[in-house]
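Comments concern the structure below.
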Amino acid sequence: MAIPHCVPTSRPAANPPPGVIVRSGDPFGVEGTPFNSAEEAWFWSVQAEDAKAAGARVAAGRGAVQRPCEPADVMRAVDRLYRSRALLRDHLYVLAHYGRRLSAPDPDRHREQRAHSLWGEAFARLAPVLRAKGIVR
């Protein structure tokens with residue numbers, strides 16, 4: 001089964017860029033650069049899904065930086081956590097709202113304090129899942 005996010009090259013790279021993971025079995029297949037945090041992966045996924053909803057064509061391997069997943073992989077991880085009741089509807093609302101704003105809730109703002117705690121809880125549960133999949137460092 002072909003992995004859709006791997007882009008074969010015509011010749012091997014002598015020295016891949018720092019942070020790029022190369023599969024040991026296939027020197028021509030680049031897995032991609034993992035995200036530095038689960039929040040970064042979430043913001044990327046929300047942007048990609050919003051662009052897709054607006055009519056953009058999302059294709060694997062076309063971005064400036066190759067990633068080890070598709071935006072739907074991050075969304076699927078959140079969905080699995082919700083279905084297993086590790087995340088509540090309130091978590092999803094906060095993730096969606098602040099994901100579209102591309103900023104985490106500010107704990108210093110009185111109206112965002114509850115959202116900040118829900119945001120932290122959600123990423124405390126999501127980060128280990130994404131790390132296990134190799135999406136996040």
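Side-chain atoms of S37 and W42, non-hydrogen and from C-beta on, never get closer than 4.5 Å to each other. Side-chain atoms of W44 and C69, non-hydrogen and from C-beta on, do get closer than 4.5 Å to each other. Looking only at side-chain heavy atoms (C-beta outward), R100 and Q47 stay at 4.5 Å or farther from each other. E40 has its side chain out of reach of F43: every pair of non-hydrogen atoms, C-beta onward, lies at least 4.5 Å apart. The side-chain heavy atoms of R131 and R137, taken from C-beta on, include no pair separated by under 4.5 Å. Using a 4.5 Å heavy-atom cutoff, the side chains of I135 and R67 are not in contact.
Taking CZ of F35 as the reference point, atom CG of L130 lies at 9.0 Å (rounded to 0.5 Å). Atom CG of L126 is separated from atom CG of L95 by 7.5 Å, given to the nearest 0.5 angstrom.
Residues W119 and E39 bring a donor and an acceptor atom of their side chains to less than 3.5 Å of each other.
Distance alone, capped at 3.5 Å, is enough to place a donor-acceptor pair between the E112 side chain and the D106 backbone.
Here the closest heavy-atom approach between residue S45 and residue P71 is recorded as OG-O, 3.6 Å. The two residues L87 and A122 have their closest heavy-atom pair at CD2-CA, 3.6 Å. In plain terms, the two heavy atoms of V129 and A77 that are nearest each other are CG1-CB, 4.0 Å. Here the shortest heavy-atom pairing between G134 and P34 reads O-CB, 3.8 Å.
Hydrophobic clustering (ILVMFWY, side-chain heavy atoms < 4.5 Å, transitive): L102 and V65 are in distinct clusters.
Taking the charged nitrogens against the carboxylate oxygens, R76 and D73 do have a contact shorter than 4.0 Å, which makes a salt bridge.
For the side chain to side chain contact (heavy atoms under 4.5 Å, CB included) with P105, the qualifying choice from Q113, H97, H116 is H116, the only one to do so.
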task = Would you sort out whether L88 and Y82 count as a side-chain contact (heavy atoms from CB on, under 4.5 Å), showing the intermediate values?
result = CA-CA 6 Å; L88 304 174; Y82 175 69; 5.8 Å; no

